[in-house]
Structures are given as C-alpha cells and as structure tokens.
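Here's the structure we're looking at; comments come further down.
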Number of protein chains: 2
Amino acid sequence: MRTPVTIRNVATEAGVSISTVSKALNGTGHIGAKTREHVIAVANRLGFRPNDLAQSLHRGRSFSVGILSNDIYGRFTLPIVGGIEEALSDNRVSVFLCNAADDLERQKRHLDALLAKRIDGLILTARRTDYLAPLDIAALGIPVVHAYAQSAAPGAICILPDDEGGAYDATRHLIALGRKRIAHVGGPQSFEATRLRQAGYRAALKEAGLAPPPDSELFGAWSEEWGRDAARRLIDGKAGLPDAIVCGSDQIARGMADGLREGGIDMPGQTALVSFDNWDVIAAATRPALTTVDPNLKELGAQAGLTLLSLIEGKDVKPGIRRVPSKLIIRRSCGSPDRS
Amino acid sequence: MRTPVTIRNVATEAGVSISTVSKALNGTGHIGAKTREHVIAVANRLGFRPNDLAQSLHRGRSFSVGILSNDIYGRFTLPIVGGIEEALSDNRVSVFLCNAADDLERQKRHLDALLAKRIDGLILTARRTDYLAPLDIAALGIPVVHAYAQSAAPGAICILPDDEGGAYDATRHLIALGRKRIAHVGGPQSFEATRLRQAGYRAALKEAGLAPPPDSELFGAWSEEWGRDAARRLIDGKAGLPDAIVCGSDQIARGMADGLREGGIDMPGQTALVSFDNWDVIAAATRPALTTVDPNLKELGAQAGLTLLSLIEGKDVKPGIRRVPSKLIIRRSCGSPDRS
DNA sequence: TTGTATGCGTTATCAC
DNA sequence: GTGATAACGCATACAA
C-alpha cells in the first residue's frame, strides 16, 4: 500500500546521482538545464514526494505547530482554530490539534508528543479569556502565543478580543440612534469579559453625558433563561423600561427579546437591543434579528498564527496583550437601517 | 531557545555508547541493570526527549494522521473531530487538522503537505453525510476512513450516523406515549439525512399500524423560520392538529415550539415534539426543553479514529457503511418523565 | 553486556 | 556541471 519512492529511486531511474536530483528539484546549486528538466520529469513520473520528516530532521525545523486547547468543544474555539489553521497553512505550516480537556495529565501527554515531534511553536487556547493555563511556557523552549487566553508569565504574548471596545461601540451606536436610557444585562461578573464590557458601556455613556438608569446594570448567566428573567425585571422595574439594552451575549439577548415580546414590548420601537458574539444561528433567528458585536475570532486566530510565525522566524514581537478590534453587525434590533 | 539534547549528548554524559543509551531507554536488548539506571538518570537530568522525526524516519511510521475537512466551522465537525482526536491521542497518535474549505486547490496543498509529512492515515470529514469528496483515495497510498461523509470509491470505509434508526426510535417513543396522529417536519429533501429520517418515521408508524396523517409530511429548510412556518401550516391545516411532531432538527423544533406556543397550543399537552441533534444550546433553551435524538457524533469520531488505527496496523476492516447508533435524550417536550 | 557500523531520506560541503 | 561524502537523530544487526 505504501508508495515510498525516495530520492534515490529518482536518481537511479534518471541515471544521475542523488545530489544532482536534490539540486535539480530544489533549484539550488549549478546544474545543466537539460539534466534539470530530465530529473524533474522523472520525479514527476515516479510521483516522488520529498520526505518531510527527513527534511525536517536535517534543517531542524518541522514546519508544524501545535494548538493546545482545554475546550475543543467550545463555540469560540472553532473560529479561532479555523483562523489559526488558515493563516498557518497559507504559510506552509501544518497544525496539530490537541485537546487537553482540562486534564493536566492529558495536557502533559500532548505536550510531550508535540515536543517530540519537534513542533516549531505552540498556540494555547482556552474556554474563557481570563483562564490561566498552568504551564511553564519558558521551559518549553519554543515560541508560544496565547489565543483567547491569558498568561501571567513574564513576556507572554496574548491575543484577545476587545471586549471593552466592542461594548463601547455598541453603546455609542445606540446613543447615535437617539437612545438615552440604556441598560446593561451582562453575564457572570466573575468573567473578565463581563467586567470589560460593562466598562465599555459605561465609558460610552459617560462620554455622552449619560448614566446608567437606576437598577439597570444586571448580571447573571450566559443563558437565554437569564435573558428572559432580566426582561421581566426590567419590565417590572419601578424605574421604567429602558429604551435600549446592551446584552452580554446573543443568548442573553435572545432570551431578552423573547421575554420583552411576550411582555408586550415592541422592539425596536420601545426598546432597542444590541448584544455580543454574532453567533449567527442565534442572532439571525431572534425576532427581531440582533445587532451584535462580532469579536472577530477568526481574525484573532489568524493574528495568533501570524504572530507565532514571526516568533519562529526570529523576529521580535512586543510581548503583552494585544486586543483584536471587534465589528458591529447591524441587524434589525436597533431599528437602524441595515447599512449604516 | 532550542533544547536540542540528543541521544549523543546523553551517551557522552553517561560515558557509554549511543546504542547503549538507546537500549537502556527503550528497554530493548540485554543491558546491565546499573548501566540502565545510570543512563536513565542522566537522560532525565538532561531532559532528553527522543526526536520523533528521527524515530519516524527510521521506523517508517510517523504516528500522526490527518483530518481533512471541508467545513471546519460546521457545528457537526466539532464533536466529530473531538472524538477522533481523543481516541487517537489515547493511542499515542497525533492529528493534523486541515480545512480544505471547499477549495480544491487548498485541498491539494493540504494533501501534499500531509503526505510529505508521512501521515499514517487520513480521515475525511464533510459538512453533510451525503457529500462526495472529489478525491482519488486509492492513489493516496495510505488508509483512509470517511467520518460523517460518504465515498463512491470501491472498498471505502464510511462511518455515519444512524438517521433512520434515530427517527424510528423517536417515533416509537411518541407512539409508546399514546400519540397516534404523528406528523413529520423535516429539512430539505435534497439531504439524504432527511430522507432517511422520513423512512425511519414511516417504519415506526407502519409497525404500529399507523400512518402519517394527511398533509403532515412537510419539508423545508434547516431553520427556526421553517419551523415557525410549519407550525402555522399545521395549526391551520384542515386535517386538524397532530398530537405529535417529529422534527428534522432542533432548530426546526425550536421554531415549531415557538410557533405553536404563540398559536395557543399547549405542549406537550396537545402536541408532543421530538427532534434531532441534541444541540444543547437550542434543545435545552426551547420551551418546553426538547426530547431529541443525539446522533452520538463524538462516538462516531472515536470509531472513525479507531477504525483508522486498525487499518494502519494492517488488520482488515469490513468496507462499506457503518452507522453509529443514536441515543434518544428525554426532556420535557413529550410529556414523559425525565427518566424513562 | 557493550560498542561498532549501517541505514532511514535529505541537504550541503566539498572535491572533481 | 556533477558526484561522493558527511551530517541530522535514532534504532538495530552484528561483532567483540
């Protein structure tokens, strides 16, 4: 079943030496034009494919990197991994995908395997941006970048979404549309993302000379149920219904939309909604469809991949946290025109 | 930054020959107990890690395989890839993840890279089960298995979900609960999955001496919108509301549930719902929470990985299609007790 | 029990 | 312009 046609086979078949074949195929060294063509023809005919293992062994670079995740099943992992893979494969490097599944022993096994396979670099990913991978990066001896993950290690390079900026943009969008009494219904406050989004929301408000209405900064779970629950609280609140709500996720917004609609509230007439994630299955199916902050996860992944590449090639990269700008996706939940 | 401690370093440091180190570390050949311990100690102290590239080159087996997908972003890809990765990494083989993105040229690039890296085998995945990868498998020269994908190639090995069995089970569940007028609202008929599910639904009905009520086999899109649309059609139908509905996906069921509820229908009182996917974000958030067929995608991936392993090890595997049994997840949308 | 020599598939350094 | 030859890091048949 194997097809181990080696450079030696090509050499004998072409009636030249091994080194001549190598030169002909790699365009290195000085070689006769006719010999070159001949060798290439023979190589093609035989279906010769240089053994990358041998090449890697020789040049001390494997052109492969590892992605180590603790949550391969997470909804956020996918676009990130996709972005990494695309950016890297465009640069001829392959990626090993490893799922540590929050299991330290498994993580070690994966790391051992990756290191043994002489990966040129490693990308760490996590379920939430404020997760700290318990891992001695420096001891690895290869470049590491964190994608959608943070590290306390000195000099660590972390690529993260711009939660604060996203919330700021979303809130400003609401303000620009004339909304003034803007509430914020976020996820769990234990998440850094939640706190950052609140900060962005507040910043935009403050800048416009506004303030959060009383009892209108609510925090709960990342769920539709919490969104529905919050809707009731907003409807029943003595402060009166806000004319806009910044939700911490599309799921929350979806619950909110359902809750408000069932409470007889008109959207976006009485209340406008913006949210986070641009998880299209949710955002597009919500009534009204959600205007939402797209965290640009695929781009985040691509940047992580490219950054790792720079590191591998020896360029120096500024350490610390880099935040990837988000993008506001306009749909109907704010009442603005589709293009604005 | 590199830590290229080789077997040679260990040898000199330990004051023995290279082959002695190799034997000591691999437990092969006859060697003195004290020498072995000594060598091992030195190796550990130096942090020696055998170069897998060299080992692979030597043994002609790389202990790595490739996953080639056309749709890395698909919701189904994730659990499948996760299952593959887990099964394989438990057997010390690493996986390269490649996204062809429906681009033939990109696919070729990936294949070239994988083959050059001497992967031991390849797993092909797709967006839909009836997708045919335009690829000459035999020419690859390595074992291939299709996961959630089919191939017309003779001798191809395909692992697929059991759509028909799942629909059969779901429908029988409804019948066992006393429902008699059972409708079916599926996805696009162009999907094999849709046709198989319809077949399973009909088989269960027939077996129970029942038949689909008039105008109650509806087909549309894989969307909530279609579910809501179908709900109106069922409510307005002159044949009267069915007392149960088998939906082709959780998304359809979610739209159906919303449509029915807003149409004043009580679930599961008047009408029970079952669906497909067990996509928990949808299924659990629907009111009522959906009883749904879990296609066991992770298990499917694991089986694909294990099957590939068998192939690689030279065992022979029965070619053709193997369907992985699904599992009915009981929630509230059928009115049955949570455990049944 | 241990060490020497050879090969795995390539590339690169040198002679010729 | 072309071809031996020595690495790359490791495993193993064989010799000692």
Side-chain angles (χ1 to χ4, degrees), chain A residues 2-40 42-43 46-64 92 112-113 115-120 141, chain B residues 2-40 42-43 46-64 92 112-113 115-120 141:
Chain A
R2 290 256 141 194
T3 317
V5 37
T6 80
I7 196 174
R8 171 173 281 114
N9 300 326
V10 179
T12 47
E13 180 73 14
V16 296
S17 80
I18 292 182
S19 53
T20 301
V21 175
S22 177
K23 289 169 192 161
L25 263 31
N26 295 322
T28 166
H30 300 256
I31 227 175
K34 48 292 188 84
T35 357
R36 152 164 297 128
E37 287 176 31
H38 176 57
V39 169
I40 291 180
V42 172
L46 263 44
F48 171 67
R49 198 188 301 277
N51 186 329
D52 201 66
L53 298 172
Q55 292 187 157
S56 295
L57 185 58
H58 182 79
R59 72 188 159 216
R61 171 126 147 63
S62 66
F63 281 89
S64 58
R92 318 212 62 78
D112 284 341
L115 259 17
K117 284 181 164 33
R118 295 300 188 263
I119 53 168
D120 301 325
Chain B
R2 291 254 142 194
T3 317
V5 35
T6 79
I7 196 175
R8 170 173 282 114
N9 301 326
V10 179
T12 46
E13 179 74 14
V16 297
S17 81
I18 292 181
S19 58
T20 302
V21 174
S22 177
K23 289 169 193 163
L25 261 32
N26 296 321
T28 166
H30 301 257
I31 229 176
K34 48 292 189 85
T35 358
R36 150 163 299 127
E37 286 176 32
H38 176 57
V39 169
I40 291 180
V42 172
L46 263 45
F48 171 66
R49 197 186 302 276
N51 185 327
D52 202 66
L53 299 173
Q55 291 188 156
S56 295
L57 187 58
H58 181 80
R59 70 186 161 219
R61 170 127 149 61
S62 65
F63 280 89
S64 58
R92 317 212 62 78
D112 283 341
L115 258 17
K117 284 180 163 36
R118 295 299 188 264
I119 52 169
D120 301 325

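Chain naming here is simple, since letters A, B, ... match the order of the sequence lines and numbering starts at 1 in each.
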Just the rounded figure in Å: distance from P of C:dT10 to CG of A:Leu53. 10 Å

Could you state the CG-P distance from A:Asn51 to C:dG7, rounded to the nearest angstrom? 18 Å

Do B:Phe63 and A:Lys117 come within less than 4.5 Å of each other through their side chains, counting heavy atoms only? yes

Just the rounded figure in Å: distance from C1' of C:dA5 to CD1 of B:Ile7. 15 Å

Listing, residues 24-37 of chain B side-chain donor-acceptor contacts under 3.5 Å, not counting sequence neighbours, or none:
{"unit_1": "B:Asn26", "atom_1": "ND2", "unit_2": "B:Ser22", "atom_2": "O", "d": "3.1"}
{"unit_1": "B:Asn26", "atom_1": "ND2", "unit_2": "B:Ser22", "atom_2": "OG", "d": "3.3"}
{"unit_1": "B:Thr35", "atom_1": "OG1", "unit_2": "B:Gly32", "atom_2": "O", "d": "3.0"}

Determine whether a donor-acceptor pair (one donor, one acceptor, N or O, separation below 3.5 Å) exists between the side chain of B:His58 and the base of C:dG7. yes

To the nearest 10 degrees, the angle between the two end axes of the helix from C:dT1-D:dA16 to C:dC16-D:dG1 (five pairs per end) comes to 60°

Here the gap from A:Ile18 atom CD1 to A:Asn9 atom CG, rounded to the nearest 0.5 Å, amounts to 9.5 Å

With heavy atoms of chain A within less than 4.0 Å as the criterion, where does contact along DNA chain D begin and end? D:dG1 to D:dG9

Using a cut-off of strictly less than 4.0 Å between a heavy atom of the residue and any atom of DNA chain D, enumerate the qualifying residues of residues 16-38 of chain B by number. B:Ser19, B:Ser22, B:Asn26

I'd like to check the side chain to side chain donor-acceptor pair (under 3.5 Å) partners of B:Asp112; sequence neighbours left out, ordered by chain and number. A:Arg49, B:Lys108

What is the distance from CD of A:Gln55 to P of C:dC8, rounded to the nearest Å? 17 Å

Spacing of A:His58 atom NE2 and A:Asn51 atom CG [to the nearest 0.5 Å]: 13.5 Å

For the atom pair OG (B:Ser62) and CG (B:Asp120), what is the distance rounded to the nearest 0.5 Å? 3.5 Å

Looking at every heavy atom in both A:Thr6 and A:Phe48, which two are closest together, and how far apart are they? C-CE1, 3.5 Å

Shortest non-hydrogen separation from B:Ala116 to A:Pro50 and the atoms involved: CB-O, 3.7 Å

What's the separation between atom CG in B:Leu46 and atom CD1 in B:Ile7, rounded to the nearest 0.5 Å? 12.0 Å

Can you sort out the partners of A:Arg59 under salt bridge (Lys or Arg N to Asp or Glu O under 4.0 Å), two or more places apart, ordered by chain and number? A:Asp52

Measure the CZ-OG distance between A:Arg118 and A:Ser56 for me, rounded to the nearest 0.5 Å. 11.5 Å

